[in-house]
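Heads up: the structure comes next, in structure tokens.
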Amino acid sequence: MRKHTRRRHHDVNAHPVRLAMLGPRPPTDAELVALRSKELLALAALAEGRAAAGDLFILGRRVLVAAHIARMGIGPEVLPLVPACRRVLDLAKVDPVAAGQDAEGVAAMRDVLDLHDQQRCAMPAGEAEAAIHAAVQGRRW
């Protein structure tokens with residue numbers, strides 16, 4: 001019988017050298033514009049009542065990360081808006097047209113995206129990337 005190696009899975013996103021190298025470099029304007037345009041297109045689709053699964057994924061991740069960063073202490077004004085955003089996202093999964101007619105939820109989503117953009121600019125890239133991965137993986141800071 002032949003011996004097999006034990007393969008281990010390493011999280012490529014938690015590479016300490018990569019985080020250390022990205023720490024002093026802020027995101028470029030082109031990167032921020034590309035990310036912001038994706039967010040705004042997803043928000044426009046939600047407001048028009050034609051949000052697809054990809055749009056809801058983008059908006060859901062932004063709300064999740066913004067809430068996590070707010071719990072870290074940067075931009076705590078996001079936290080009161082999060083329940084309205086989650087409500088409109090849950091409604092959009094069932095009925096996208098009804099979610100587009102929820103003006104309060106769409107306005108809260110717009111405000112969260114604006115505040116999250118300010119959060120991204122207020123913290124170093126390495127710290128932001130660590131917060132994003134911690135939020136997505138459900139870890140506490």
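Along the sequence shown, the residues carry numbers beginning at 1.
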Same cluster or not: are L89 and V112 linked, directly or through other Ile, Leu, Val, Met, Phe, Trp or Tyr residues, by side-chain heavy atoms under 4.5 angstrom apart? yes

Note, H68 side chain near L64 side chain (heavy atom, < 4.5 Å): no

Got a sec, which pairs hit side-chain hydrogen bond (donor to acceptor under 3.5 Å, both in side chains) with one end in residues 77-98, sequence neighbours left out? R87-D102

For A122 against I74, the heavy-atom pair lying closest together: CB-CG2, 4.3 Å

What is the distance from atom CZ of R120 to atom CD of Q118, rounded to the nearest 0.5 Å? 10.5 Å

Pairwise side-chain contact, D114 with R36, heavy-atom cut-off 4.5 Å (strictly under): yes

Can you give me the closest heavy-atom contact between G100 and V106, atom names plus distance? O-CG2, 4.3 Å

Could you measure the distance from the CG atom of L32 to the CD atom of E39? Nearest 0.5 Å is fine. 9.5 Å

Do L59 and I69 sit in one hydrophobic cluster, given that two such residues count as connected whenever their side-chain heavy atoms are within less than 4.5 Å of each other, even indirectly? no

If every non-hydrogen atom of A70 is compared with every non-hydrogen atom of Q119, which pair is closest and at what distance? N-NE2, 3.7 Å

Closest non-hydrogen contact found for D55 with R50 is OD2-O, 4.3 Å

Treat each ILVMFWY residue as a node, draw an edge where side-chain heavy atoms are under 4.5 Å apart, and state whether V82 and L56 are in one component. yes

Please say yes or no: joined through hydrophobic side-chain contacts below 4.5 Å, possibly via intermediate residues, are M109 and V65 part of one cluster? no

Going only through I, L, V, M, F, W and Y residues with side-chain contacts under 4.5 Å, is there a path from I58 to L43? no

Any side-chain heavy atom of L35 within less than 4.5 Å of one from R62? yes

Residues V63 and C85: closest non-hydrogen pair is CG2-CB, 3.9 Å

